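Heads up: the structure comes next, in structure tokens.
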Number of protein chains: 2
Amino acid sequence: MDRKIATIQDVARSAGVSTATVSRTLSKPSVVAKATREAVLTAVAETGYRVNATASNLRRQRTGSVIILLPNIANPFFSQILAGLSSVLTPAQYGMLIADTQFGPDPEERLQHYLTSGQADGLILLDGTLSPEALRTPARPPVVLACEWMGSALPSVRVENQRGAALAVGHLAKLGHRHIGHVTGPRGNVLTETRLEGFRSALSQLGLPMRDDWIIEGDFSMDSGASAGRAWLAMQDKPTALFLSSDEMATGFMGQVQRRGVQVPQDVSVVGFDNIEISQHLSPGLTTIRQPRTQIGVRAAELLLDMIAEGRIDGPSEVIEVEFITRGSSGPPPAAK
Amino acid sequence: MDRKIATIQDVARSAGVSTATVSRTLSKPSVVAKATREAVLTAVAETGYRVNATASNLRRQRTGSVIILLPNIANPFFSQILAGLSSVLTPAQYGMLIADTQFGPDPEERLQHYLTSGQADGLILLDGTLSPEALRTPARPPVVLACEWMGSALPSVRVENQRGAALAVGHLAKLGHRHIGHVTGPRGNVLTETRLEGFRSALSQLGLPMRDDWIIEGDFSMDSGASAGRAWLAMQDKPTALFLSSDEMATGFMGQVQRRGVQVPQDVSVVGFDNIEISQHLSPGLTTIRQPRTQIGVRAAELLLDMIAEGRIDGPSEVIEVEFITRGSSGPPPAAK
DNA sequence: GGCTCACATGCAAACGATTACATACGCGAC
DNA sequence: GTCGCGTATGTAATCGTTTGCATGTGAGCC
């Protein structure tokens, strides 16, 4: 009807009651008499009234949204976690405010900003490179870390990264490989270090050699996997199997060496980490460690909502299991060596 | 210092001025005397004051955020657009509220809700299956469509989908293919229909046969590409080349047929659409149509910000060019036919 | 009939900022 | 000395809800 949007005042006037009654009808219908309730609802329908979220939030001292701070929204790894988050937050009527640390200035500054700006009822942190120092802020909202984070006691959802790496090495060792290399993520990233550590300790436990020139630094991207492929091709003394710290790198690696005529797994075995969608569609399929990314998001969101509901800024942590998935990209080492 | 967060009142008291002066110091520093300004800034620093965005928004009748409505946040296609949006919105101090239509109930209802709830200063629509009917709401915020949308005059950012399909067909025809099939997206999706239409008209313009049993319905996913692969393998009379409406489907297709010993492009040529990251890392690399997804996001965000700034709910539309990229997955048809 | 009690509703004060308008001051011009 | 004007600041209304408290009404009980 109107050009302007109706306010609670308009509804109250139209229903012949006070704004308090309208508000109550909408939030706690049980306390208003049936006749009044119906009158109000009719008025709401007639005026096309919608509560103004900003005003409501101001009064209720909440915001109805949580901030997700992540390093790169275009990365499928994160977007799957986002999907998990969304599946919990949306039905709970929370908005997801996404902040990509790669745009805008100093990420630490951004984190600090969101913690103090009161723009959100909670924060989920997916960027493992930020320092936990910022979280010492007083009067901050609850935070859940959904990524490895060194020695932090904050509520978090973690994945068995170290065990995952050990599974990969164990699998290759069982197939008969004794020369196993590793392609890491970017140095400094906690995922990188944890998986590298898992790789190292598994090798030493199995009594296998750990050679520094078989450790190649990547950055989780397909491109860096392809670079690792070139590096491997150029090696004099090649490992017969590689464990790569992400499926994307494994994909890039396989593509690169296959284009140079190398056969997987006859000439080299490849194991990834993540089980991204493409892993099963490659030829051969990629042997990998599945980490349930959607699940990570779901649990992180649930943890955060619990904390918000209880008004606490601490809470439990949770570890999510990984699962080993065998596909065609791993096999026995080449006989001739 | 304090347990509670400081308000503008606290700052005013601490600086010995009124709240109006504090507010002015922060928003229009030029109108306050230098001495006062410094006193206020000191007080701000001491109290750790941050403006309460909710209160500010209520008063200023804005929200400082825009809503992005999309069908599936985990889809890399959308997350790349999101990255583009983020790169514009974040520096402009706008928050991105992401709403995934696959969660929660009726998507149309959701759209309607966001249009009227006043939770955002603008809306960007990435879901091509929603009906434009909902946009007839009075007093709604500006909207930009960042997807094809049938016959709508709303501000939008589109991609030359039809021309893209024509480029693919033209390329295959030039290589000598006369039997060309197509794997579509889900029926009803506008991208699907537009590309299919482009495919159809290109074939007829080149005088090539268009066979209904060579049109396979997919849903843009790798899985559906793999299904299409199985369907192709089972065909009596196979097309020698396929144009698939997404790179993901092309990836699934190639993986599937390769695992059954089919050689690409010797036995079948494959052309995709999108140029996702993996396309260049496959073996062989995937011939495809590049659509600059980041660019789509960037332009959509810019268009929306312009509209918000000018307080208009209409604005220009824009078409973004596609580019043909030749890689190894397409070649001449098999000689024996 | 007066008392209590429960229930339904209204009144009005928050929530924390922004901003139109009013006021105060100082200074130069007449 | 008064007037006028520009500059700097304060006062208070306002944005649209929510909610503690007060009020009103009628029923039930002694």
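Quick note: numbers below take in every heavy atom, side chains included, and nothing from hydrogens, waters or symmetry partners. Residue numbering restarts at 1 for every chain, and letters A, B, ... go by the order of the sequence lines. Owing to the predicted nature of the structure, the values given are computational and were not obtained by experimental measurement.
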Checklist entry - Would a 4.5 Å heavy-atom cut-off, applied to side chains only, mark A/Ile98 and B/Leu97 as touching? => result no
Next on the checklist: For a quick test of reading the model, state the closest non-hydrogen atom pair linking B/Pro142 to B/Leu304 and the distance between them.
Outcome noted: O-CD1, 3.5 Å
Item to check | Taking every non-hydrogen atom, the tightest pair across B/Ser156 and B/Val144 | outcome: CA-CG1, 4.3 Å
Checklist entry - Just wondering, do A/Arg62 and A/Ile308 contact through their side chains at under 4.5 Å, heavy atoms? => result no
Checklist entry - Just checking, any donor-acceptor pair under 3.5 angstrom between side chains of B/Asp100 and A/Ser86? => result no
Checklist entry - So do B/Thr192 and B/Phe220 actually touch side chain to side chain, heavy atoms under 4.5 Å? => result yes
Item to check | Flag for B/Asp121-B/Thr63: side-chain donor and acceptor within less than 3.5 Å | outcome: yes
Next on the checklist: What's B/Ser23 touching, base or sugar-phosphate or nothing? Going by heavy atoms closer than 4.0 Å.
Outcome noted: base
Anything under 3.5 Å between a protein N or O and an N or O of nucleotides 25-27 of chain C, put it in a table, one pair a line.
none

Next on the checklist: Need two values: the first and the last nucleotide of DNA chain D, 5' to 3', having an atom under 4.0 Å from any heavy-atom of chain A.
Outcome noted: D/dG16 to D/dG20
Item to check | Minimal non-hydrogen separation, B/Ser14 against B/Ala43, with atom names | outcome: OG-CB, 3.4 Å
Enumerate all atom pairs, one protein N or O and one N or O from nucleotides 12-16 of chain C, separated by less than 3.5 Å.
{"residue": "C/dA14", "atom": "N3", "partner": "A/Arg59", "partner atom": "NH1", "Å": "3.0"}
{"residue": "C/dC15", "atom": "O3'", "partner": "A/Gln61", "partner atom": "OE1", "Å": "3.4"}
{"residue": "C/dC15", "atom": "O3'", "partner": "A/Gln61", "partner atom": "NE2", "Å": "3.4"}
{"residue": "C/dC15", "atom": "O2", "partner": "A/Arg59", "partner atom": "N", "Å": "3.4"}
{"residue": "C/dG16", "atom": "OP1", "partner": "A/Gln61", "partner atom": "NE2", "Å": "3.1"}
{"residue": "C/dG16", "atom": "N2", "partner": "B/Ala55", "partner atom": "O", "Å": "3.4"}

Checklist entry - Between B/Thr36 and A/Lys28, which has a closest nucleotide on DNA chain D that is more 5'? => result B/Thr36
Checklist entry - Just checking, B/Arg13 and B/Tyr49: is the charged tip under 6.0 Å from the six-membered ring centre and within 45° of the axis? => result no
Item to check | Polar side chain donor-acceptor pair, B/Thr101 to B/Asp127, under 3.5 angstrom | outcome: yes
Next on the checklist: Considering every strand and a 4.0 Å limit on heavy-atom distances, what is the contact class for B/Val22: base, sugar-phosphate, or nothing?
Outcome noted: nothing
Item to check | Euclidean distance, atom CG of residue B/Asn57 to atom P of C/dT18 [Å, nearest integer] | outcome: 10 Å
